[in-house]
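To start, the structure itself, in structure tokens.
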Amino acid sequence: MTEAAEPPLGDLTLCLVIHDRHGNLANVLQSVNRLASDMVVVDAGGGSGQSVKHLTSEYDAKYLLSPADPDESALLNKALREVDTTWALFLNQQEVLHTNDDHAFLANLDDPDALAYDLPIMHLSEPNNYHFETRLIRADAGIRWQHGVYPTLGESIEQVAERKALESPVGLIPIAVVVSLGDPHPEEWELRDTLVRVERELDRNP
């Protein structure tokens with residue numbers, strides 16, 4: 001009888017802020033279960049939180065109950081402060097992570113000079129219509145989310161890169177894709193800053 005292979009857990013923590021007790025929570029946790037050695041779930045949905053707390057305990061995730069905050073970046077940073085691994089991966093409740101090769105995905109995280117990675121974001125109903133967002137960041141580099149119309153990482157990544165004198169602080173992992181299963185609620189966060197950065201880079205290097 002062949003034994004099941006051990007999951008290729010990486011030096012990676014999932015950071016997840018949820019605003020809705022129902023929906024895709026189990027799927028998003030399961031999608032990174034083989035990759036992330038830790039998970040942090042910030043429950044900003046109000047109420048008792050018992051159903052979410054129970055589900056996160058099944059995945060050995062750290063559960064943080066938080067009041068709803070109009071500044072989504074504050075909630076994201078609350079999760080980030082709990083990260084003990086080198087890397088932090090940010091998803092929202094309506095998404096799952098799909099990788100073509102778990103080992104190759106984690107191998108990208110061994111680059112000591114990398115600060116952040118963009119991941120393609122694909123909507124399930126529109127697989128040919130995707131954009132890029134920064135969802136993987138070095139948790140040990142002092143990068144934090146900044147408040148704006150949408151939470152953004154662009155300026156803080158550039159600041160850290162300048163301190164480290166890095167020319168390319170953001171890379172791309174093409175073997176992974178974040179699949180969006182549906183439109184988020186209006187109060188849930190979206191990240192659009194990277195799309196602008198990628199377009200700017202394409203303008204410079206067509």
Give me the atom names and distance for the closest heavy-atom approach of [X] to [Y].
X: Arg135; Y: Leu119; answer: CB-CD1, 4.0 Å
X: Pro120; Y: Val177; answer: O-CG2, 3.4 Å
X: Tyr130; Y: Met122; answer: CB-CA, 4.0 Å
X: His131; Y: Glu133; answer: NE2-OE2, 2.6 Å
X: Ala26; Y: Leu55; answer: N-CD2, 3.7 Å
X: Arg144; Y: Leu153; answer: O-CD2, 3.7 Å

task = Might you confirm whether atom CD of Glu58 has over 12 heavy atoms from other residues, nucleotides or ligands at distances under 6.0 Å?
result = yes

Gap separating the [atom1] atom of [X] from the [atom2] atom of [Y], nearest 0.5 angstrom:
X: Asn33; Y: Leu97; atom1: CG; atom2: CG; answer: 12.0 Å
X: Thr152; Y: Glu72; atom1: OG1; atom2: CD; answer: 13.5 Å
X: Leu29; Y: Asn24; atom1: CG; atom2: CG; answer: 9.0 Å
X: Leu25; Y: Gln30; atom1: CG; atom2: CD; answer: 11.5 Å
X: Ile175; Y: Asp102; atom1: CD1; atom2: CG; answer: 8.5 Å
X: Glu158; Y: Ile143; atom1: CD; atom2: CD1; answer: 11.0 Å

request  = Give the C-alpha distance, both sets of side-chain angles, the deciding distance and a yes or no for side-chain contact (heavy atoms from CB on, under 4.5 Å) between Ile137 and Leu80.
outcome  = CA-CA 10 Å; Ile137 70 168; Leu80 186 54; 4.0 Å; yes

Does [Y] offer a backbone N or O that forms a donor-acceptor pair with the side chain of [X] under 3.5 Å?
X: Asn77; Y: Trp145; result: yes
X: Asp11; Y: Thr86; result: yes
X: Thr85; Y: Thr13; result: yes
X: Asp118; Y: Leu172; result: no

Side-chain heavy-atom pair [X], [Y] within 4.5 angstrom cut-off:
X: Ser73; Y: Gln146; result: no
X: Glu95; Y: Ile121; result: yes
X: Val83; Y: Cys15; result: yes
X: Asn92; Y: His19; result: no
X: Phe105; Y: Leu136; result: yes
X: Leu12; Y: Val32; result: no
X: Leu16; Y: Thr56; result: no

Report, one line per pair, each donor and acceptor closer than 3.5 Å where one atom sits in a side chain of residues 106-117; sequence neighbours left out.
unit_1	atom_1	unit_2	atom_2	d
Asn108	ND2	Ala104	O	2.8
Asp111	OD1	Asp113	N	3.0
Tyr117	OH	Asn108	O	2.7

ask   = Taking atom types as modelled and ignoring hydrogens, do the side chains of Asp43 and Tyr63 form a donor-acceptor contact shorter than 3.5 angstrom?
value = yes

task = Pick out which of Ile18, Asn27, Leu181, Val17 makes a side-chain contact (heavy atoms from CB on, under 4.5 Å) with Gln93.
result = Ile18

